[in-house]
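Worksheet: one structure, shown below.
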Number of protein chains: 2
Amino acid sequence: MAARPSDGGTPVAAGDGPVPGGPERTRDADRTRAEILAVATAEFADRGYAGARINEIAGKLSTTKRMIYYYFGGKEQLYVAVLEAAYSRIRGLEQQLDVEHLDPVEAIRELAGLTFDHHEAHPDFIRLVSIENIHRAEHIARSEALSGLANPALDVLGTILDRGWAAGLFRDDVDALDVHQVISAFCVFRTANRHTFGVIFGRDMLDPARRDHQRRVLGDLVVAYLTAR
Amino acid sequence: MAARPSDGGTPVAAGDGPVPGGPERTRDADRTRAEILAVATAEFADRGYAGARINEIAGKLSTTKRMIYYYFGGKEQLYVAVLEAAYSRIRGLEQQLDVEHLDPVEAIRELAGLTFDHHEAHPDFIRLVSIENIHRAEHIARSEALSGLANPALDVLGTILDRGWAAGLFRDDVDALDVHQVISAFCVFRTANRHTFGVIFGRDMLDPARRDHQRRVLGDLVVAYLTAR
DNA sequence: AGAGGTATGTACCAACTGGTGAGTTGACAC
DNA sequence: GTGTCAACTCACCAGTTGGTACATACCTCT
C-alpha cells in the first residue's frame with residue numbers, strides 16, 4: 001500500500017484483472033474508478049471523513065485529483081461511494097452464510113462464530129462504520145443504495161430462532177434483532193474499541209492467542225442466554 | 001450548552017460557582033480554562049478531532065482563540081486535556097458503585113444495569129472514546145494521566161466474581177476482564193452504533209420505550225452466561 | 001479519415017485553518 | 001501609589017484544502 005506517484009509507469013489495476021480489450025490499456029474508466037475507490041476506502045478508513053485529504057488520496061493514485069472530481073463529483077460523494085461499495089461487499093459475503101443444516105442450538109453457535117470471523121476479517125469496514133456513526137449516519141441515511149436494505153445475516157438468524165422457538169429450545173422474550181444486536185455488539189466492540197481498551201486494560205482484544213477463547217465466549221454467551229431457564 | 005457569542009455580557013461560569021473574591025469578576029484563569037474545556041469537549045465529541053475547528057470553538061467562547069493557545073498550547077493538547085477531563089469525570093462516577101451487599105448473582109445483574117444506565121447517561125463520553133479509537137488511542141497512550149490507570153468498575157466486578165466463584169455459582173472459564181468486555185460491548189454498541197444500526201434495521205437502540213427491555217436483556221445475558229451448566 | 005464525445009493532465013485559486021507577535025489591562029504585593 | 005506578572009485582546013499570517021478552468025489526448029463510430 002505504498003504511495004505511488006503518478007509517474008506515468010504502467011498502472012496496476014485495483015481490483016479485477018484486465019478487460020478483454022487488449023494487453024495495453026491507457027484509457028479505462030472502470031479501472032480508474034475502481035482504483036480511486038480502493039485508495040479512497042483505505043484513506044477514509046484510516047483517517048476518517050474529516051481527516052482524509054483529497055490531495056493525499058490523489059497522491060496515492062496512478063491518476064490525478066482531477067479524476068476524483070470527474071468521476072465522483074466531490075469529497076462527500078466519494079465518501080458515500082466508498083460506504084456503498086463497502087456495505088455491498090459485506091452483504092455479498094453475508095449471503096454465503098449456510099447454517100440451515102444444523103440443529104438450532106448449534107446453528108446459533110455457528111452463526112455467532114462466523115459473524116465473529118467475519119468482523120475480524122474486515123477491520124476497515126468496522127472503522128468506516130464507526131466513522132459514519134460519528135457523523136450520525138447522515139450519509140448512509142441519504143443513500144438510496146444503503147438505507148432500508150435488509151441484512152442477510154439477520155434473515156438467517158430469524159430462521160434459526162423460528163426453528164428454536166418451534167422446538168421449545170429458546171426463550172421467547174427476545175426477537176431476532178435483539179440477538180443480532182448482542183452478537184454484533186461483541187464483534188464490533190472487539191475491533192472498534194480495541195485501542196482504548198488495550199491502553200486502559202492492557203489486553204489486546206484481537207490478540208491471536210486469545211482468539212479461540214473469545215470466539216468460545218461469544219458462542220457460550222448467546223447459547224446460554226437463549227437456552228436459559 | 002447553547003452557543004454564546006463573545007458579546008461582553010456577564011460571563012456565566014462553566015463549572016463551579018463564583019470565587020470568594022466579589023460579585024464582579026473579569027479575570028479568572030480557572031473559569032476561562034473550564035469554559036474552554038467545556039466548549040471544546042462538546043465540539044470534539046460532536047465533530048471528531050479532525051472535524052473540530054479551533055475557530056469554531058473560539059466562536060462559542062466568551063473569551064478568544066488566543067486564550068486556547070495561552071492555556072493549552074494547541075489543538076492536539078486541548079484534545080488530550082478534553083480526554084483526560086472526560087475520563088477522570090467518568091472514573092469519579094464509577095467509584096460510587098456499591099453492590100457489595102448483594103449476593104453475587106444479583107450483584108452482577110445490578111452492576112450490569114448500573115453500567116447500562118451510566119453509558120446511556122454519557123453519550124458524549126462514548127463518542128469521544130469512539131473518536132479516540134479512530135485515532136488508534138494514540139493520544140491517551142501518550143497521556144500519563146490516562147494510560148495504565150485502573151478502572152473502578154473492573155475492580156468491583158472482580159470482587160463480585162471472586163465471591164461467586166467461591167460459592168460455586170459461576171463458571172470459571174472466564175476472567176473479570178472478559179465479563180467486563182461483554183458488558184461494555186453491549187452498552188457501548190448501543191450508543192456508539194446507534195445511528196447506522198437505526199438506518200439499516202429501522203430500530204433505535206436508545207428508544208426510551210425499549211430501554212427497560214434492553215436493560216433486562218443485558219442482565220439476563222450476563223447472568224445466564226455466568227451461571228450456565 | 002475525421003468527427004465528436006469521453007477520459008485525462010496541468011496549473012491554479014479562494015477560502016479556510018491552526019497558529020502567533022506584540023501590545024494592553026487588571027489585580028495583588030509592598 | 002506603583003511595580004510586576006498573569007490574564008487577556010487584536011490583528012495578522014503562512015500553509016493547506018477542496019475544488020476548478022482549460023487545454024488535450026484517446027477511442028469509437030461512421
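- Side-chain N or O atoms of Glu35(A) include one that pairs as donor or acceptor with a backbone N or O of Ser62(A) at under 3.5 Å.
- One can place CD1 of Ile57(B) at 11 Å from P of dG19(C), the figure rounded to the nearest angstrom.
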What does the B/S/- profile of nucleotides 14-20 of chain D look like, 5' to 3', with a 4.0 Å heavy-atom cutoff to protein?
---BBBB
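- Listed by first then second residue, pairs satisfying salt bridge (Lys or Arg N to Asp or Glu O under 4.0 Å) with a partner in residues 192-207 of chain A read Arg194(A)-Asp204(A), Arg203(A)-Asp175(B), Arg203(A)-Asp178(B), not counting sequence neighbours.
- Each salt bridge (Lys or Arg N to Asp or Glu O under 4.0 Å) pair with one or both residues in residues 181-190 of chain A, not counting sequence neighbours, appears once here: Glu120(A)-Arg190(A).
- For His180(A), the side chain to side chain donor-acceptor pair (under 3.5 Å) partners two or more places apart in sequence, or in a different chain, are Ser184(A).
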Below 3.5 Å between N/O atoms, which protein atoms pair up with nucleotides 5-8 of chain D? Just atom names and distances, please.
residue, atom, partner, partner atom, Å
dA6(D), N3, Arg27(B), NH2, 2.8
dA7(D), O4', Arg27(B), NH2, 3.2
dA7(D), N7, Tyr70(B), OH, 3.3
dA7(D), N3, Arg27(B), NH1, 3.4
dA7(D), N3, Arg27(B), NH2, 3.0
dC8(D), OP1, Asp28(B), N, 3.1
dC8(D), OP1, Thr32(B), OG1, 3.2
dC8(D), OP2, Thr32(B), OG1, 3.2
dC8(D), OP2, Tyr71(B), OH, 2.8

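- The side chain to side chain donor-acceptor pair (under 3.5 Å) test applied to Gln181(B) returns Gln214(A), not counting sequence neighbours.
- Residues that satisfy the side chain to side chain donor-acceptor pair (under 3.5 Å) test with Lys75(B), not counting sequence neighbours, are absent from this structure.
- Here His135(B) pairs with nothing under the side chain to side chain donor-acceptor pair (under 3.5 Å) rule; sequence neighbours left out.
- Contacts of Phe186(B) classified as ring pair (Phe, Tyr, Trp, His ring centres under 6.0 Å), with partners at least two apart in sequence or in another chain: none.
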